[in-house]
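First comes the structure, then the notes that go with it.
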Amino acid sequence: MHVRIRTATIVGMALAVLAAVGVPAAFAPPAQAAQVITDIAYAPAQPAGSRGHLLDLYLPSTGITPRPLLIWHTGSAWTSDDGKAGAEAIAEIFNPLGFAVAGVSVRSSSQAVFPAQVHDIKAAIRWLRANAATYQLDPNRFAMMGDSSGGWLTEMATLSGGVASLEGTLGTTGVSSAVQAGLAFYSPTDFLQMNAQNLPTGGLDHDSPASPESLLVGCPIQTCPAKVAQANPMTYVDADDPPLLFLHGQADFLVPHGQSVLLYNRIKAQCGDATFVSVPAADHMMAEVMDPAQYGRQTVRTTTDCGETVRTGTFDPTWANFATFLRGGLKLGTSCEVTYATGTWNGAFNGSVTIRNTGTTPVSGWTVTWTWSGNQQITNAWNATVTQTGAQVTARDAGHNSYIGPGSSQSLGFSATATGTNEIPAQFKLNNLVCTRVP
């Protein structure tokens, strides 16, 4: 493997990569230094010299540890064994938010037929989880994202947790391959219905022996329906699946928009947890699905706990909203308030911090951070494990109080020394999320 340090001088390169995967430059935050570890072999190469069992890791330089992990796979109609390409652009967005990013490659359909690709991604997830401590990853907070066949791989990983036939025996075994949230762009979900769902103006002949789907499963799809069913994300939907957000353009020429309609209806029927964003006039490109010109026009269907809401234009497909979805799915918190109080005496003081979860999803495991403006020094704490490095304070839950439901709160207390004005810290963060301070 090869380790290199990236700095802000790569801004131009990062913007070029963003454009290559269809990410508008306007959505890219400023580049920050990050550690990049490339070409990690999560399993032996098959065939020899291929890239299908390699991954790249992008580790943020700031934020709390252990870090949530976002796994990325770039779609190629299953023709490439270099699906980790493009992860650098995703890291440029999510590293500054405290996420580690892993770009993962799997074998192409010319190198191995299904279920090899799912065996591969699950082997990569197992490797990442088994090595979580080494890279300061949170093994309980893995999410996956991808486009097209990468979206298919995302949905397979998200929906097929616990399916023994899809685990395989590659690489690291005996570790969970589950992810806790998925985000997919314009994925195929039911191969046998794709031709019937093509646009009136045409589309790919998915039933052809040379179609991407036929090459993936190793037979013309209409001749081997049982094997095709095993390759359909639809097959694995149940009520216990992690939350899934998926997006599809209504003018998609390559993968019919109806594929996501089918998946959403199946998840709704199973009382699962999904959000489906249907974007008018968008073709098979992230740049079109995320086009600001479409904001306010998309149809957003959400199903959870056997209920459904249908809205127009209330979830714009932006990186900020994607990050909020992922934070909610990973139980990191999506909005919060902090109340800070102190009492002083002779150069020392007691203080309390109360964190309120103002979002709609629970927080499971929390870390609160703040920075003193003066020379305050923590001497004791309760209801949290508190450490201080310089002016930076990190308070982690004490285990018994790790859960904060929507609308609920948890508190911690501490003693500290200080001289001078002892001003209130300017900002508090909950799991890297800036909280509103209230009196």
Side-chain angles (χ1 to χ4, degrees), residues 5-6 8 10 14 17-18 21 23 27-38 40 55-74 84 86-104 121 124-125 127-129 131-147 150 154 157-158 178-185 242-245 286 290 317-336 359 361 363-369 394 429-435:
I5 301 297
R6 299 295 179 114
I10 67 168
V17 177
L18 288 165
V21 297
V23 181
F27 295 126
Q32 294 189 5
Q35 184 182 20
V36 185
I37 311 169
T38 62
I40 300 171
L55 64 82
D56 297 341
L57 265 177
Y58 299 81
L59 305 176
S61 59
T62 59
I64 61 170
T65 57
R67 311 169 176 105
L69 175 69
L70 177 59
I71 299 165
W72 168 262
H73 182 80
T74 298
K84 65 187 179 71
E88 183 171 22
I90 302 303
E92 286 295 323
I93 296 164
F94 283 95
N95 277 171
L97 303 179
F99 284 77
V101 172
V104 175
I121 191 61
I125 295 167
W127 186 94
L128 287 161
R129 185 163 277 120
N131 291 276
T134 300
Y135 299 103
Q136 296 184 298
L137 309 177
D138 188 336
N140 299 311
R141 287 181 166 130
F142 280 19
M144 184 165 175
M145 179 167 63
D147 64 328
T154 294
T158 304
V179 297
Q180 285 67 56
L183 199 168
F185 293 85
L244 177 66
L245 168 63
M286 286 177 67
M290 298 180 66
T318 66
W319 292 112
N321 283 337
F322 296 160
T324 297
F325 165 79
L326 292 172
R327 290 187 62 91
L330 298 178
K331 298 181 181 179
L332 285 162
T334 57
S335 63
C336 51
T361 56
V363 175
S364 182
W366 51 264
T367 300
V368 176
T369 56
T394 301
K429 290 184 178 181
L430 167 67
N431 294 338
N432 282 328
L433 177 73
V434 176
C435 298

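Ring geometry, Tyr135 versus Trp127: the interplanar angle falls from 30° to 60°, so the pair is classed tilted.
A search for side chain to side chain contact (heavy atoms under 4.5 Å, CB included) contacts involving Leu433 returns Arg327, Cys336, not counting sequence neighbours. Checked against ring pair (Phe, Tyr, Trp, His ring centres under 6.0 Å), Phe325 has no partners two or more places apart in sequence or in another chain. Ala184 is linked by a side chain to side chain contact (heavy atoms under 4.5 Å, CB included) to Thr154, Glu155, Phe246, counting only residues two or more places apart in sequence or in another chain. Take Asn321 and apply the side chain to side chain contact (heavy atoms under 4.5 Å, CB included) test, not counting sequence neighbours, and it matches Phe315, Asp316, Thr318. Taking Thr361 as the reference, Thr334 meet the side chain to side chain contact (heavy atoms under 4.5 Å, CB included) condition, with sequence neighbours excluded. By the ring pair (Phe, Tyr, Trp, His ring centres under 6.0 Å) test, Phe99 is found to be paired with Phe94, residues two or more places apart in sequence or in another chain being considered.
Nearest heavy-atom pair across Ile64 and Asn432 is N-OD1, 3.4 Å. The nearest pair of heavy atoms linking Pro242 to Ala181 is CB-N, 4.0 Å. Here the closest non-hydrogen pair linking Leu137 and Ala100 is CD2-CB, 3.5 Å. Across all their heavy atoms, Thr158 and Pro243 have their closest contact at CG2-O, 4.4 Å.
Checking side-chain atoms of Asn431 against main-chain N and O of Leu332 turns up a donor-acceptor pair under 3.5 Å. Between the side chain of Thr369 and the main chain of Thr394, no donor-acceptor pair closer than 3.5 Å is present.
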Item to check | Worked check of side chain to side chain contact (heavy atoms under 4.5 Å, CB included) between Met145 and Phe185 | outcome: CA-CA 8 Å; Met145 179 167 63; Phe185 293 85; 4.1 Å; yes

